[in-house]
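Note sheet for the following structure.
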Amino acid sequence: MVGVTSYHITMSAKTLPALALFPLTTEVSKQSHLCIGGCDVVDVVTEFGTPLYLLDESTIRQRCREFKGEFGKRYPDTMVIYACKAFLNRALALIFKEEGLGLDVVSGGELSIAQSVDFPPDKVYFHGNNKTPQELNLALDWGVGKIVVDNFYELELLNKLARKKGITQDILLRLTPGVDPHTHQYTTTGTIETKFGFPLATGQAEEAVNQASSASNLNLLGFHFHLGSPVSEIQPYELAMELVLRFAREASRKFDFELSEFDIGGGFAVPYTLDSRVPTIAEYARALIGKLDSLISELELSRPRLIVEPGRAIVGQAGVALYKVGAIKEIAGIKKYVCVDGGMSDNIRPALYGAKYEALVANKVVRTTGKAVTIAGKLCESGDILVKDINLASVHAGDIIAVPVCGAYSIPMSSNYNALPRPAIVMLKEGGARLIRRRETYQDMMSLDLI
Ligand code: LLP
């Protein structure tokens, strides 16, 4: 356990704006150390080493409550399911269980983590565009709440597997509304050419409802769409809701089907940098529920259960990546590299999507020098850059770099590239630091190899 008993706040987001991106419990000590969850980050690093990922438990719980509260107070029959792909391990699954969220899982692996903490299976939604027969059997045997069917192959396969087991499985159909969410092309899923879902425009969505509503062992409860991630505009959601609800009304006239669940996916954005402007959870909820209410009355639909699937917006801000500075390379008049002991193996997002981050020096949270540096990783690729052209405090070997908003999609997309062991993860809460995943060792990495 590492803790600090009292705080002396010497800095605030006003003097150092980047602090606002860090977890909600972030403070700065008299020694100018970054403190999170009541813990001095420098002490946490002394105990657990670097690279290290910190998660602030209060921030995670606060975001769970905000989603439930903001959507629930406007539309009581809302279910918030956490999108596990943003990051799941057993400790996190327990937190989501305690907070009363459901889970969106996309693989037998995520499903097994949920199962291992006795997560209520009826609150689990199983997504994915190519679920294997083994994964579907695992889900059916566990009694997973809903399977979100993505394509005709799966529709037929699932019906066959359920029939063999004498089960009738509740399903949703994933529809592709043909709406561009204006995000990175690699994470755009709402447009017609995507690999996901039954397109509305081609008639395949209608054929899917036809087949699903007459399948012997499937019970069609409703529709799902997910436009992409992150989606920082409200309008694409509104348009997709309208297209899918109009389709639902037509489908219920033609087929033996009534919309009892309407799942609008995830994609809620978070600010990564000081210039990002994204809606708050309350703003998303206000706009989306307003639109939903007006569509329901205009189309004379009975009120379906609403499902939202936030991932990033729940864990993003809670996570901080910590690295130790080693080599510093200055190319006079051109560039100064500050090299750290992690990089694209623990956070591929800058290299893959051109994702931008802020950073500060955790053992020296003071005003910056005004000279931009580039924070580079230690992997053997020139593209292994974590943060380009950032103003830091003057930095030397041994200093600790803290990168905020690293709670989502860093660890779960990490790799052992260059045979780097994956970082440890520590959960911080009220002055306590608890290891929730130990650091990988060289032995761990070799343990799967056979000679
Ligand atoms: N629901 C479905 C069906 C999804 O595919 C996703 C994300 C979510 C919910 C949650 O989206 P979120 O609320 O976390 O934005 N690796 C990328 C993000 C890929 C998202 C994939 N699907 C990144 O690092 O930005």
Side-chain angles (χ1 to χ4, degrees), residues 60 63-64 66-67 71 79-88 92 96 101-107 110 124-131 146-151 172-177 179 181-191 194-198 223-233 236-237 240 244 261-273 276 278-281 284-285 288 306-319 321 344 346-357 386 403 405-415:
I60 297 173
R63 295 295 179 237
C64 292
E66 248 175 278
F67 265 101
F71 279 87
M79 179 154 166
V80 180
I81 64 175
Y82 170 70
C84 298
K85 51 189 85 66
F87 176 42
L88 187 73
L92 279 173
F96 298 127
L101 266 59
L103 294 182
D104 142 12
V105 302
V106 286
S107 67
E110 288 184 352
V124 177
Y125 286 63
F126 191 11
H127 285 279
N129 70 303
N130 192 20
K131 306 175 190 77
K146 275 104 200 171
I147 295 183
V148 184
V149 175
D150 188 278
N151 52 63
L172 305 185
L173 293 178
R174 178 166 184 163
L175 304 183
T176 315
V179 171
H182 307 132
T183 190
H184 195 282
Q185 58 158 320
Y186 294 171
T187 56
T188 291
T189 54
T191 52
T194 178
K195 69 175 177 172
F196 298 99
F198 299 99
F223 298 136
H224 158 81
F225 68 81
H226 172 75
L227 297 178
S229 168
V231 181
S232 49
E233 295 167 29
Y237 287 99
V244 172
E261 293 211 4
F262 183 42
D263 180 344
I264 62 171
F268 309 107
V270 296
Y272 279 92
T273 53
S276 352
V278 306
T280 61
I281 296 170
Y284 278 115
L288 300 185
L306 174 69
I307 321 288
V308 288
E309 306 178 334
R312 187 190 320 265
I314 289 195
V315 292
Q317 190 188 1
M344 67 192 291
D346 63 86
N347 188 357
I348 189 86
R349 298 191 69 258
L352 187 59
Y353 312 120
K356 303 235 177 331
Y357 287 88
L386 286 172
V403 182
V405 207
C406 280
Y409 301 109
S410 301
I411 290 288
M413 295 175 78
S414 66
S415 73

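Just so you know, these numbers come straight off a predicted model, no measurement behind them. Only heavy atoms go into these numbers, but all of them, side chains included; no hydrogens, no water, no symmetry mates. Both ligands and their constituent atoms are indexed starting at 1 by order of listing.
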Heavy-atom contacts under 4.0 Å between Asp104 and ligand 1: side chain, backbone, both, or neither?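 The side chain, only.
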
Does ligand 1 have a heavy atom under 4.0 Å from the side chain of Tyr353, from its backbone, from both, or from neither? side chain

Taking distance alone, with N or O pairs closer than 3.5 Å, would you say [X] contacts ligand 1?
| X | result |
| --- | --- |
| Arg349 | yes |
| Glu309 | yes |
| Ser229 | yes |

Among all protein heavy atoms in this structure, tell me which lies nearest to atom 8 (C) of ligand 1, with the distance rounded to 0.1 Å. His226 CE1, 3.4 Å

Nearest-contact summary for atom 7 (C) of ligand 1 - protein heavy atom, Å: Lys85 CD, 3.3 Å

With Phe196, which residues qualify under ring-ring contact (aromatic ring centres under 6.0 Å, His included), at least two apart? none

Partners of Phe96 by ring-ring contact (aromatic ring centres under 6.0 Å, His included), sequence neighbours excluded? Tyr82

Could you tell me whether ligand 1 has any atom less than 4.0 Å away from a heavy atom of Met413? yes

Find all atoms of ligand 1 within a distance of less than 4.0 Å from any non-hydrogen atom belonging to [X], and give their numbers and elements.
| X | answer |
| --- | --- |
| Thr187 | 17 (C), 18 (C), 19 (C) |
| His224 | 3 (C) |
| Gly311 | 12 (P), 13 (O), 14 (O) |
| Pro310 | 13 (O) |
| Gly266 | 1 (N), 9 (C), 13 (O) |

Cationic tip of Lys131 above Phe126 ring, under 6.0 Å, 45° of axis: yes

Carboxylate-amine/guanidinium proximity below 4.0 Å for Lys195 and Asp150: no

Could you check which of Ala83, Ser410, Gly267 puts a non-hydrogen atom nearest to atom 11 (O) of ligand 1?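 It is Gly267 that holds the nearest heavy atom.
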
